[in-house]
S.K.: 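Below is the structure I would like to discuss, written out as structure tokens.
What you see below is based on every heavy atom in this structure, not just the backbone, and it leaves out hydrogens, waters and symmetry mates.
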Amino acid sequence: MTGGARLAERFEEHRPRLRAVAYRMLGSLGEADDVVQETWLRLDRHAEEVENLGGWLTTVASRVCLNELRGRERRREEELDTSVPDPVLAAPERDDPEAVALLGDRVGIALQVVLGTLGPAERLGFVLHDLFAVPFEEIAPLLDKSPAAVRQAVARARRRVREGAPEPDRDPAAQRAAVEAFRAASRDGDFEALVAVLAPDAVLRADGGTAMAALSKVLRGSRAIASSAQGFRHLLPFGRPVLVNGAYGVLTVVDGAPVSVMAFTVVDGLVARIDVLADPERLAALDLTGLDGLDD
């Protein structure tokens with residue numbers, strides 16, 4: 001095996017982690033893939049200088065992500081109130097090693113939404129330290145800060161995450177029961193049943209992108225969400241259960257094309273968060289491999 005082939009093989013061993021880091025940083029699967037590709041190109045140019053490959057790759061990928069995050073902040077590209085990150089879809093009760101590798105332990109879309117509200121330094125520090133166990137001492141040079149300053153930034157980010165992303169029920173049966181109760185009440189047009197399955201302070205966030213901007217909104221409170229649910233009853237027959245970032249959700253497909261993905265956060269048996277992606281452009285780019293033939 002040539003040196004170049006061996007280098008490529010070693011890089012592939014690190015690809016899942018790099019893609020997971022970049023996805024957590026950016027909330028975009030396409031941009032995460034771009035980061036991984038850029039990291040490979042840089043490795044190809046500097047391979048002889050690398051001693052600790054894993055650490056070097058994580059550092060380079062993090063720098064690329066940080067540049068992108070800072071660019072977003074300057075360009076103000078994202079409407080943070082209604083922005084929903086790219087979902088990772090998998091079929092319920094089926095093994096999906098790629099999804100597991102990408103998501104890790106903390107998987108919810110709600111967490112990704114909150115990460116999108118953090119500043120670049122806080123987001124990078126939180127993702128690397130709390131989600132990927134990178135020491136503060138290794139993060140500090142990336143941000144040109146002291147380890148103590150990084151620790152403080154991560155502590156602030158952690159508080160924001162706790163406030164904005166409630167810890168979900170981990171029992172799949174409890175998740176599915178709440179999601180199915182929500183779907184049944186919506187299908188029946190039962191307003192009070194909808195209110196009963198929603199947490200009183202529930203939040204619904206919908207992202208229609210540029211093409212469907214009128215759909216983008218944030219609703220707060222169980223009664224406001226229950227009222228809104230009446231507007232999509234006609235789509236309910238086309239919904240199918242899927243795992244959305246590891247939790248039970250709903251993919252709606254009409255005439256073979258996805259029209260929405262609903263991610264649910266279930267806390268204490270009640271639906272606490274609903275994040276809806278309805279952007280046609282981003283939906284068209286989703287990988288639906290392995291989801292064909294799911295039953296309603």
S.K.: Taking C-beta and beyond as the side chain, do T58 and R17 meet within less than 4.5 Å on heavy atoms?
M.R.: yes

S.K.: Examine M212 and I274 and state if one hydrophobic cluster contains both, with Ile, Leu, Val, Met, Phe, Trp and Tyr joined whenever side-chain heavy atoms are less than 4.5 Å apart.
M.R.: no

S.K.: So that I can tick it off, tell me whether R158 and E163 are bridged by a salt bridge, with the cut-off set at under 4.0 angstrom between side-chain N and carboxylate O.
M.R.: no

S.K.: Taking the side chain from D279 and the backbone from E281, do they hold a donor-acceptor pair closer than 3.5 Å?
M.R.: yes

S.K.: If Ile, Leu, Val, Met, Phe, Trp and Tyr residues are connected whenever their side-chain heavy atoms lie under 4.5 Å apart, and connections chain through other members, are V267 and L111 in the same group?
M.R.: no

S.K.: Find out whether V60 and L43 are in side-chain contact, i.e. whether some heavy atom of one side chain is under 4.5 Å from a heavy atom of the other.
M.R.: no

S.K.: Do E180 and R183 sit within salt-bridge range, that is, some charged N less than 4.0 Å from a carboxylate O?
M.R.: yes

S.K.: Which distance, rounded to the nearest 0.5 Å, do you find between the CZ of R273 and the CG of L198?
M.R.: 13.0 Å

S.K.: Looking at side-chain heavy atoms only, is the closest gap between K217 and S228 below 4.5 Å?
M.R.: yes

S.K.: Does E12 form a salt bridge (Lys or Arg N to Asp or Glu O under 4.0 Å) with R15? I'd like the steps, not just the answer.
M.R.: CA-CA 5 Å; E12 289 303 316; R15 180 184 291 273; 2.8 Å; yes

S.K.: Below 30° counts as parallel, above 60° as perpendicular, anything between as tilted: where do the rings of F182 and F264 land?
M.R.: perpendicular

S.K.: Do you know the tightest heavy-atom contact between S222 and V195?
M.R.: OG-CG1, 3.8 Å

S.K.: If you compare all heavy atoms of L215 against all heavy atoms of A278, which two are closest, and at what distance to 0.1 Å?
M.R.: CD1-CB, 4.0 Å

S.K.: With a 4.5 Å cut-off on side-chain heavy atoms, are P168 and R170 touching?
M.R.: yes

S.K.: When rounded to the nearest 0.5 angstrom, what is the spacing between CZ in F238 and CZ in F232?
M.R.: 14.5 Å

S.K.: Should V64 and L131 be counted in the same cluster of Ile, Leu, Val, Met, Phe, Trp and Tyr side chains packed under 4.5 Å apart?
M.R.: yes

S.K.: Can you find a heavy atom in the side chain of P87 that is under 4.5 Å from one in the side chain of L277?
M.R.: yes

S.K.: Under 3.5 Å, is there a donor-acceptor pair between the side chain of N245 and the main chain of V88?
M.R.: yes

S.K.: Write down the atom of A199, the atom of A272, and the distance for their closest heavy-atom approach.
M.R.: CB-CA, 4.1 Å

S.K.: Do the side chains of V253 and R240 get nearer than 4.5 Å, heavy atoms only?
M.R.: yes

S.K.: Run the salt-bridge test on D201 and R220 with the 4.0 Å N-O cut-off and return the result as yes or no.
M.R.: no

S.K.: Please name the pair of heavy atoms, one in H14 and one in G54, separated by the smallest distance, quoted to 0.1 Å.
M.R.: CE1-CA, 3.5 Å

S.K.: Are V36 and W56 grouped together when hydrophobic residues (ILVMFWY) are joined by side-chain heavy atoms under 4.5 angstrom apart?
M.R.: yes

S.K.: Ignoring hydrogens and angles, tell me if any N or O in the side chain of Q112 forms a donor-acceptor pair with the backbone of P85 under 3.5 Å.
M.R.: no

S.K.: Are any of the side-chain heavy atoms of H129 and V134 separated by less than 4.5 Å?
M.R.: no

S.K.: Find the distance between OG1 (T39) and CG (L57) and round it off to the nearest 0.5 Å.
M.R.: 7.0 Å

S.K.: Does V161 belong to the same Ile/Leu/Val/Met/Phe/Trp/Tyr cluster as V203, with side-chain heavy atoms less than 4.5 Å apart forming each link?
M.R.: no

S.K.: Under a 4.0 Å threshold between the charged nitrogen and the carboxylate oxygen, would R42 count as salt-bridged to D44?
M.R.: no

S.K.: About how many Å separate OG of S62 and CG of L142, when rounded to the nearest 0.5 Å?
M.R.: 5.5 Å

S.K.: Walk me through whether T117 and R160 qualify under side-chain hydrogen bond (donor to acceptor under 3.5 Å, both in side chains).
M.R.: CA-CA 9 Å; T117 69; R160 293 271 297 277; 3.1 Å; yes

S.K.: Quick check for you: to the nearest 0.5 Å, what is the distance between R282 atom CZ and D86 atom CG?
M.R.: 4.5 Å

S.K.: Assess whether side-chain contact (heavy atoms from CB on, under 4.5 Å) is satisfied between R223 and E192, documenting all intermediate values.
M.R.: CA-CA 9 Å; R223 303 191 77 82; E192 293 303 328; 3.4 Å; yes

S.K.: Between OG of S186 and CG of L194, what distance do you get to the nearest 0.5 Å?
M.R.: 4.0 Å

S.K.: Under the 3.5 angstrom rule, does the side chain of D169 hit a backbone N or O of G269 as a donor-acceptor pair?
M.R.: yes

S.K.: Given L89 and V261, is the side-chain contact (heavy atoms from CB on, under 4.5 Å) satisfied, shown in steps?
M.R.: CA-CA 9 Å; L89 304 183; V261 173; 3.9 Å; yes

S.K.: Looking at T265 and A110, what are the two nearest heavy atoms and their distance?
M.R.: OG1-CB, 3.6 Å

S.K.: Can you tell whether the side chains of R72 and E31 come within less than 4.0 Å, N to carboxylate O?
M.R.: yes

S.K.: Side chain of T252, backbone of V259: donor and acceptor closer than 3.5 Å?
M.R.: no

S.K.: I'd like to know if the side chain of D207 and the backbone of G209 have a donor-acceptor N/O pair within less than 3.5 Å.
M.R.: yes

S.K.: Identify the heavy atoms of V197 and A181 that sit nearest to each other, and give their distance.
M.R.: CG2-CB, 3.7 Å

S.K.: List the steps and the verdict of side-chain contact (heavy atoms from CB on, under 4.5 Å) for L128 and V154.
M.R.: CA-CA 10 Å; L128 289 183; V154 172; over 6 Å; no

S.K.: Apply the test side-chain contact (heavy atoms from CB on, under 4.5 Å) to residues Y23 and D33: give CA-CA distance (whole Å), side-chain angles for both, the deciding distance (0.1 Å), then the verdict.
M.R.: CA-CA 8 Å; Y23 172 63; D33 289 334; over 6 Å; no

S.K.: Could you tell me whether the side chain of R159 reaches within less than 4.5 Å of the side chain of R162, counting heavy atoms only?
M.R.: yes

